[in-house]
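Notes follow the structure.
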There are 2 protein chains.
Amino acid sequence: MKTNKNCVIRLSRYKNALYRLKSLGFVKIFSDNLADAVGVTATQVRKDFSQFGISGTRKGGYQIDDLINNLNRLLGKDEIHKVVVAGIGNIGTALLNYKGFEKESIKIIAGFDINTVKQNAAGEIPVFPIAEMENFIRQNQIKIGVIAVPDFAAQQIADTMIQAGVKGILNFAPMRLHGPENVVINNVNLVLELENTIYFANAVIKTGVVGQLTASAQPDGV
Amino acid sequence: MKTNKNCVIRLSRYKNALYRLKSLGFVKIFSDNLADAVGVTATQVRKDFSQFGISGTRKGGYQIDDLINNLNRLLGKDEIHKVVVAGIGNIGTALLNYKGFEKESIKIIAGFDINTVKQNAAGEIPVFPIAEMENFIRQNQIKIGVIAVPDFAAQQIADTMIQAGVKGILNFAPMRLHGPENVVINNVNLVLELENTIYFANAVIKTGVVGQLTASAQPDGV
DNA sequence: TATTATATGTTCTTTTTTTCACAACATTGG
DNA sequence: CCAATGTTGTGAAAAAAAGAACATATAATA
């Protein structure tokens with residue numbers, strides 16, 4: 001199958017929206033409702049589902065529970081994913097505190113920081129010295145790491161993670177990280193997001209309307 | 001001119017990379033170097049620049065300072081942009097503490113929180129009760145707001161901001177916000193980013209390589 | 001059970017984005 | 001001053017993504 005990256009990202013959004021709709025009491029849904037909720041066209045929704053072999057019934061639309069199950073399966077949520085976080089500053093702390101991961105089968109099992117004040121081996125999610133990260137990753141066979149350290153330290157942390165066997169990195173440091181072909185690095189740059197927001201807002205202020213933006217995020221491999 | 005959204009986002013990335021390269025001592029740069037630094041092709045870099053009327057010299061490449069100036073101008077960095085942040089939790093605090101905005105002409109001038117413990121009118125960046133936000137935005141003619149409150153409160157905060165005159169919102173709450181056509185809402189969903197990373201990492205683990213992902217982020221207007 | 005209204009699944013088009021290829025031009029060295 | 005080298009800028013081609021349209025299936029209804 002041709003794996004379309006934007007498509008996968010949309011799948012995540014669908015799932016997200018479906019959880020919300022479900023919590024509102026909906027049981028079934030039509031492509032155009034879901035399209036509205038996510039901000040794409042109904043055709044796109046159907047096409048995405050079709051591409052991944054998800055089908056509904058020709059007049060009844062889609063069962064939300066079925067959809068969620070299918071999406072979870074596709075997105076790999078039928079197994080628990082263990083994640084470690086390097087850098088327990090504000091963003092790292094936010095992630096450690098966030099309660100919304102469990103239903104996604106994501107479990108942050110440890111944090112690492114160089115600052116002894118942040119360390120706390122007895123916490124609900126323990127925080128260890130960064131020197132212990134490599135061993136920890138190896139021993140627990142962690143495949144996903146989050147980098148929330150200052151930029152100057154980021155590449156080194158990434159290298160360590162990769163060396164220890166991590167295959168996916170979510171990077172919040174404001175720089176592009178490099179790694180081998182078989183590791184996915186997803187960069188989220190908050191400054192950049194704010195800048196873009198400002199740019200488009202300015203465009204709106206000057207021209208009236210920008211229309212529907214559907215711009216690029218940045219899972220960039222390597 | 002046809003404003004290509006992805007293109008604008010790449011411009012931000014170029015600028016980012018250029019600052020880094022400059023700090024490393026580089027003075028001029030070629031399209032392929034920059035392409036490497038950002039993770040696109042050299043042609044793409046030249047075409048983007050061309051589209052926005054930025055030019056280099058045929059054998060000397062581009063002067064980094066010129067580029068940065070041009071990009072800043074294009075991205076609206078020749079004026080200071082005042083920003084307010086609603087919700088001084090972990091992410092809100094991270095933004096308030098971040099020192100990298102100044103060189104981008106972005107200035108976070110106030111935070112707002114419902115929790116009196118977070119409030120501190122005398123701080124370097126003052127934090128006021130959320131009830132004062134609307135007036136503050138009006139009086140200071142703020143055009144950009146950041147939402148870092150829990151999901152259930154997000155839409156209401158957005159409505160208030162928009163009512164007060166905000167034209168661009170950067171939303172960290174894990175849900176799609178709605179607003180009128182002439183307001184840009186840029187959603188950054190950290191859970192979703194982590195999920196996507198996991199998905200693509202799994203793909204790597206199973207198939208060996210995903211190749212260069214260039215997937216979508218989501219400035220979605222409305 | 002037959003009929004009708006409605007939503008899907010898919011093909012075909014259109015649009016957008018990216019890449020290729022190369023002419024034009026600047027710099028460097030003889 | 002000329003040739004050799006190397007990089008830009010851009011039009012044309014290719015690829016990818018999104019959208020429109022419609023045939024087909026199915027739920028509801030009588």
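Below, chain A is the first sequence line, B the second, and so on; all start at residue 1. Computed from heavy atoms alone, side chains included, the values below leave out hydrogens, waters and symmetry copies.
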Fill in: Side-chain donor-acceptor contact under 3.5 Å, A:Asp159 with A:Gln163
no
Worksheet item: Roughly how many Å is it from CG in B:Asn6 to C1' in D:dA16, rounded to a whole number?
Response: 13 Å
Discussion item. Nearest heavy atom decides the nucleotide; on that basis, is B:Lys47 or B:Ile29 closer to the 5' end of DNA chain D?
Written reply: B:Ile29
Worksheet entry | A:Asp32 CG to C:dG9 C1', straight-line distance once rounded to whole Å | 15 Å
Discussion item. Rounding to an integer number of Å, can you tell me how far B:Asp36 CG sits from D:dT7 C1'?
Written reply: 15 Å
Discussion item. If the cut-off is 4.0 Å, is B:Tyr62 near the phosphate of D:dG9, judged by side-chain N/O to OP1 or OP2?
Written reply: yes
Worksheet entry | Rounded distance (nearest 0.5 Å) linking atom CG of B:Asn69 with atom CD of B:Gln63 | 11.5 Å
Practice prompt. State whether B:Arg46 places a side-chain N or O below 4.0 Å from either non-bridging phosphate oxygen (OP1 or OP2) of C:dT18.
Written response: no
Discussion item. According to side-chain hydrogen bond (donor to acceptor under 3.5 Å, both in side chains), who are the partners of A:Tyr19, at least two apart in sequence or on a separate chain?
Written reply: A:Asn72
Discussion item. Between C1' on D:dG9 and CZ on B:Phe52, what's the gap in Å once rounded to a whole number?
Written reply: 16 Å
Discussion item. Taking only side-chain N and O atoms of A:Thr41, does any of them lie within less than 4.0 angstrom of OP1 or OP2 on D:dG19?
Written reply: yes
Worksheet entry | Residue closer to the 5' end of DNA chain D, B:Gly61 versus A:Lys28 (nearest nucleotide) | B:Gly61
Worksheet item: Counting heavy atoms not belonging to B:Lys22, are there more than 12 under 6.0 Å from its NZ?
Response: no
Worksheet item: Is any side-chain N or O of B:Arg58 under 3.5 Å from a base N or O of D:dT8, one able to act as donor and the other as acceptor?
Response: yes
Worksheet, complete the sentence: Of the listed D:dT7, C:dA21, C:dT10, the closest approach to the B:Lys59 side chain comes from D:dT7
Item to complete: Quickly work out the A:Asn70 CG to C:dT8 P distance and round it to whole Å.
Response: 15 Å
Worksheet item: So, is A:Ser31 near the phosphate of C:dT8, with a side-chain N or O under 4.0 Å from OP1 or OP2?
Response: yes
Item to complete: When you get a sec, tell me which of C:dT18, D:dG9, C:dA21 is the closest nucleotide to the side chain of B:Gln44?
Response: C:dT18
Worksheet item: Could you state the CG-C1' distance from B:Asn33 to D:dG6, rounded to the nearest angstrom?
Response: 13 Å
Discussion item. Less than 4.0 angstrom between a side-chain N/O of B:Thr57 and OP1 or OP2 of D:dT8, yes or no?
Written reply: no
Item to complete: Grab the CZ-P distance between A:Phe49 and C:dG9 for me, whole Å please.
Response: 10 Å
Response to the item:
From the list B:Tyr14, B:Phe30, B:Phe49, ring pair (Phe, Tyr, Trp, His ring centres under 6.0 Å) with B:Tyr62 holds only for B:Phe49
Fill in: Whole angstrom value for the distance that separates P of D:dT10 from CG of B:Asp48
13 Å
